[in-house]
Amino acid sequence: MDKIFKGMKPSRRSFLTGAAAAGAGAVATVAKGQGAPDPAIVEQQPWRTFLGEGVDAYPYGMPSEHEAHVIRRSVPWLTADPISSVNFTPLHELDGIITPNGLCFERHHGGIAEVDPVEHRLMINGLVDKQMVFTMEDLKRFPRENHVYFLECAANSGMEWAGAQLNGCQFTHGMIHNVMYTGIPLRLLLEEAGVKTNGKWIMVEGADAAGMNRSIPIEKAMDDCLIAFKMNGEALRPEQGYPVRLVVPGWEGNMWVKWLRRIEVGDQPWHAREETSKYTDLLENGTARRFTWEMDAKSVITNPSPQAPITHGPGPTVLTGVAWSGRGTIPRVDVTIDGGKNWYQARMSGPSLNKSMHRFYFEFDWDGTPLLLQSRAHDSTGYVQPTKNELRAIRGENSIYHNNGIQTWYVNEQGIAENVEIS
Ligand SMILES: Nc1nc2c(c(=O)[nH]1)N[C@H]1C(S)=C(S)[C@@H](COP(=O)(O)O)O[C@H]1N2
Ligand SMILES: [Mo]
């Protein structure tokens with residue numbers, strides 16, 4: 001990239017003092033100035049001329065029709081068939097930290113299972129004192145907990161290993177959602193069944209046609225895993241595993257088995273398809289990285305970004321994005337608007353929860369010259385998000401999974417943004 005940068009400096013201070021200083025003058029840089037009377041002010045708007053719908057018009061509420069573009073989207077060339085496919089969370093349209101249920105990305109290996117909760121059973125078998133079968137009603141008699149956790153597919157940003165490819169944070173980073181789960185600690189169910197002393201692993205299996213399964217070490221199972229049946233306060237959506245899914249905080253999304261039907265306790269891992277042929281990365285020396293469960297710290301700028309260009313021209317500009325780590329919280333995110341020449345600490349806003357998404361902002365005065373935007377997350381262990389090239393130096397070029405490299409957006413004079421890489 002050979003772009004010219006001049007006169008860009010962050011100016012949160014000048015924006016704030018300007019706005020506080022004296023109404024009119026300062027605000028004029030943000031709002032429209034004088035000129036012809038604004039019809040939106042001086043003319044009667046249609047919605048003032050008739051009464052609105054009554055309270056029962058929408059028994060289950062939906063977003064405004066003006067938000068119809070805020071949807072999950074797929075990339076047709078990524079998969080051959082929607083039955084075993086993925087779509088992406090529209091990160092560039094969201095704010096705060098919670099992903100609304102209808103916008104949580106979906107990844108299914110055998111389509112969305114249509115499970116009847118009354119007929120659904122969860123079985124625990126294998127190396128236990130007492131094999132057990134629970135109905136949904138049984139599960140709801142165990143003590144519950146509420147936690148906000150991100151779920152990120154290990155393949156999120158996978159296409160970017162080969163270079164900048166997909167034009168939009170929805171597609172480069174949208175295999176993630178952040179939800180408040182209500183569920184039962186898995187530990188309580190395992191204690192009920194009584195894990196034998198040689199029980200070192202569990203195998204979790206879905207009730208979908210794919211029967212997707214994964215092995216999880218018993219330490220994690222006994223630590224913070226949840227048997228979840230609610231997301232953001234309401235029942236899980238069918239796409240997300242209704243009526244019950246496993247929550248494996250901080251670990252790759254593939255392990256969060258949906259439509260959970262069976263937990264087998266064993267003395268070694270099962271070497272299932274999803275932990276051998278998939279979710280494994282071949283290194284340059286011919287060995288493979290396997291059982292890479294934890295999701296490393298990562299961040300992305302959601303606005304501006306290719307699907308969310310700057311449309312207001314130069315002047316006060318709000319940059320925002322999200323950051324997360326499978327190892328803890330995100331105390332700090334740095335951002336640059338000049339491709340790394342200068343870094344500034346972003347402002348974190350909203351709750352800082354363990355293994356949850358975090359929101360950051362950076363307000364600056366855009367002078368209308370091209371920008372190279374990047375964000376860099378620091379997690380609570382001190383780990384700092386690497387560049388893509390730092391990752392490639394260690395993992396080589398064969399990887400698909402666990403790409404947590406720094407993302408770059410190029411913004412031109414018109415405010416149009418594009419996915420690029422700089423060395
Ligand atoms: N039973 C079952 N569980 C599953 C899957 C599946 O296909 N079947 N897909 C897995 C993968 S690869 C991911 S990334 C997450 C996606 O969860 P989501 O659809 O809620 O986004 O679910 C995991 N759990
Ligand atoms: Mo996944």
Side-chain angles (χ1 to χ4, degrees), residues 71-75 78-79 81-91 94 98-115 120 122-123 148-159 170 173-181 183 202-216 225-232 234-264 270 272-281 292-295 324 326 357 399-403:
I71 51 171
R72 304 185 276 220
R73 289 173 202 278
S74 56
V75 176
L78 270 181
T79 40
D81 191 319
I83 296 298
S84 177
S85 191
V86 62
N87 61 20
F88 301 89
T89 304
L91 293 175
L94 304 180
I98 296 293
T99 314
N101 289 342
L103 295 176
C104 289
F105 88 95
E106 307 166 62
R107 170 79 180 99
H108 323 301
H109 292 76
I112 303 167
E114 292 176 32
V115 178
H120 186 70
L122 173 60
M123 174 194 297
V148 178
Y149 292 124
F150 76 84
L151 177 166
E152 184 185 17
C153 176
N156 200 22
S157 316
M159 297 310 296
Q170 177 165 19
H173 288 74
M175 283 164 80
I176 187 165
H177 48 63
N178 198 59
V179 159
M180 174 172 281
Y181 294 97
I202 62 167
M203 187 274 287
V204 284
E205 178 187 81
D208 51 337
M212 216 211 72
N213 66 335
R214 283 292 302 253
S215 310
I216 299 177
C225 290
L226 291 177
I227 304 286
F229 45 86
K230 295 257 157 94
M231 58 192 291
N232 295 331
E234 64 178 2
L236 293 178
R237 292 289 169 89
E239 307 92 291
Q240 264 68 46
Y242 180 84
V244 61
R245 96 175 297 167
L246 187 66
V247 167
V248 191
W251 288 24
E252 61 186 18
N254 186 258
M255 308 175 88
W256 299 46
V257 168
K258 304 192 276 192
W259 315 288
L260 181 67
R261 73 181 284 264
R262 192 162 71 91
I263 300 169
E264 184 174 336
W270 274 256
R273 172 186 182 272
E274 300 291 308
E275 55 204 19
T276 50
S277 125
K278 305 296 175 201
Y279 299 95
T280 291
D281 282 313
T292 43
W293 301 308
E294 263 172 334
M295 300 308 292
W324 59 94
M357 222 181 236
S399 286
I400 298 170
Y401 306 106
H402 294 279
N403 181 351

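Counting convention: from 1, in listed order, for ligands and their atoms alike. Computed over heavy atoms, backbone and side chain alike; hydrogens, waters and symmetry mates excluded.
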Minimum-distance pair of heavy atoms, taken over all atoms of G110 and A210 | N-CB, 3.8 Å
Note: ligand 1 atoms sitting under 4.0 Å from heavy atoms of W256 are 22 (O), 23 (C), 24 (N)
Is L260 touching ligand 1 with its side chain, its backbone, both, or neither, if touching means heavy atoms under 4.0 Å apart?
-> neither
Any N or O on H108 sitting closer than 3.5 Å to an N or O of ligand 1?
-> no
Residue portion contacting ligand 1 (non-hydrogen atoms closer than 4.0 Å) for E252 | neither
Number the atoms of ligand 1 from 1 as they appear, then name those within less than 4.0 Å of a heavy atom of C153, with their elements.
-> 14 (S)
From K278, E239, H109, K258 - option closest to atom 19 (O) of ligand 1 by heavy atom = K258
In the protein, what heavy atom is nearest to atom 15 (C) of ligand 1, and what distance, to one decimal place, separates them?
-> G253 O, 3.4 Å
So is there a nitrogen or oxygen of F105 less than 3.5 Å from a nitrogen or oxygen in ligand 1?
-> yes
At under 4.0 Å between heavy atoms, what of R245 touches ligand 1? The answer is side chain
N87 and R73 side chains, donor-acceptor separation under 3.5 Å | no
Short version for F88: what comes under 4.0 Å of ligand 1, heavy atoms counted, is neither
Nearest non-hydrogen protein atom, atom 16 (C) of ligand 1 = R107 CB, 3.8 Å
Are side-chain N/O atoms of E252 and H402 paired as donor and acceptor at under 3.5 Å?
-> yes
T280/Y401 under side-chain contact (heavy atoms from CB on, under 4.5 Å): CA gap, chis, key distance, verdict = CA-CA 7 Å; T280 291; Y401 306 106; 5.7 Å; no
Q170 side-chain N/O to F88 backbone N/O, donor-acceptor pair under 3.5 Å | yes
Which ligand 1 atoms, with their elements, are less than 4.0 angstrom from a heavy-atom of Y279?
-> 12 (S)
H177 neighbourhood, listing ligand 1 atoms whose heavy-atom distance to it stays under 4.0 Å | 18 (P), 20 (O), 21 (O)
Looking only at non-hydrogen atoms, find the nearest pair between L246 and V248 and report the distance.
-> CD2-CG2, 3.7 Å
Just which atoms of ligand 1 are under 4.0 Å from any heavy atom in E106?
-> 19 (O), 21 (O)
Going by atom types only, do E234 and N101 share a side-chain donor-acceptor pair under 3.5 Å?
-> yes
Counting each atom of ligand 1 from 1 as listed, which ones have a heavy atom of L151 under 4.0 Å away?
-> 17 (O)
Check whether the side chains of S215 and E275 place a donor and an acceptor atom closer than 3.5 Å, and report yes or no.
-> yes
Can you see which heavy atom on Q240 is nearest to which on F105, and at what distance?
-> NE2-O, 2.9 Å
How far apart are the closest heavy atoms of V179 and T99, and which atoms are they?
-> CG2-O, 4.1 Å
Does ligand 1 have a heavy atom under 4.0 Å from the side chain of W259, from its backbone, from both, or from neither?
-> side chain
Examine the proximity of ligand 1 to N254 and report which part, side chain or backbone, both or neither, has a heavy atom under 4.0 Å away.
-> both
Would you call E274 a ligand 1 contact, heavy-atom distance under 4.0 Å?
-> no
Option of least heavy-atom distance to atom 8 (N) of ligand 1 (set: V179, V204, D208) | D208
Interfacing atoms of ligand 1 (cut-off 4.0 Å, heavy-atom, G206) = 1 (N)
Specify the protein heavy atom at minimum distance from atom 5 (C) of ligand 1: its residue, its atom name, and the distance to 0.1 Å.
-> M212 SD, 3.4 Å
Distance col, row I83:CD1 vs D208:CG, nearest 0.5 angstrom, shows 11.5 Å
Return yes if a side-chain donor-acceptor contact under 3.5 Å exists between H177 and E152, otherwise no.
-> no
Could you tell me how the ring of Y149 sits relative to the ring of W256: parallel (under 30°), tilted (30 to 60°) or perpendicular (over 60°)?
-> perpendicular
